[in-house]
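Single-structure report; data block below.
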Amino acid sequence: MELPLVAVLLAVGLFLGWGVGAQYARARRGWNDYKAAKNAVPGARRTAWLLVRAVTTKVGVIALLLVGAVAYAAVGPDHERAEPAPSPSPTASAKAGVKER
C-alpha cells in the first residue's frame, strides 16, 4: 500500500471513530439520565401525594371552621342571657324643673 492511501484511510477512520464515539457517549449519558429519572419517580410521586394530603387537610380544617362560624352567626344572639339596655339618666336641668331652650 502506498503511504498517501494509508494516511487517507487513517484520517477517515479517525473521523468516523470520533463521530461514532461521540454519539455513543451521548446515548450512554441519555440512558443513564433516563434510569436516574425512572428511579426518582416513586420518591417524587410519594412526595407529591404527601403535599396534596397536607393541603387537603388544611383546606378541610379551614372549611370546618368557616362552616362553624357561619352556623354560630346564623343562630343569632342569645336573648336569655342578654342584659337590658341601660335607661337614660335624667339631666340636671330636668331635675331642677328648668326648661331648656
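Shortest non-hydrogen contact noted between Thr56 and Val52 is OG1-O, 2.7 Å. The minimum heavy-atom distance between Pro42 and Asn39, with the atom names listed, is CD-O, 3.4 Å.
The only option from Leu10, Leu9, Leu16 that meets the side-chain contact (heavy atoms from CB on, under 4.5 Å) definition with Val12 turns out to be Leu16.
Separation of atoms NZ (Lys38) and CH2 (Trp31) is listed at 7.0 Å; rounding is to 0.5 Å.
Counting heavy atoms from C-beta outward, Arg53 and Trp49 have side chains that stay 4.5 Å or more apart.
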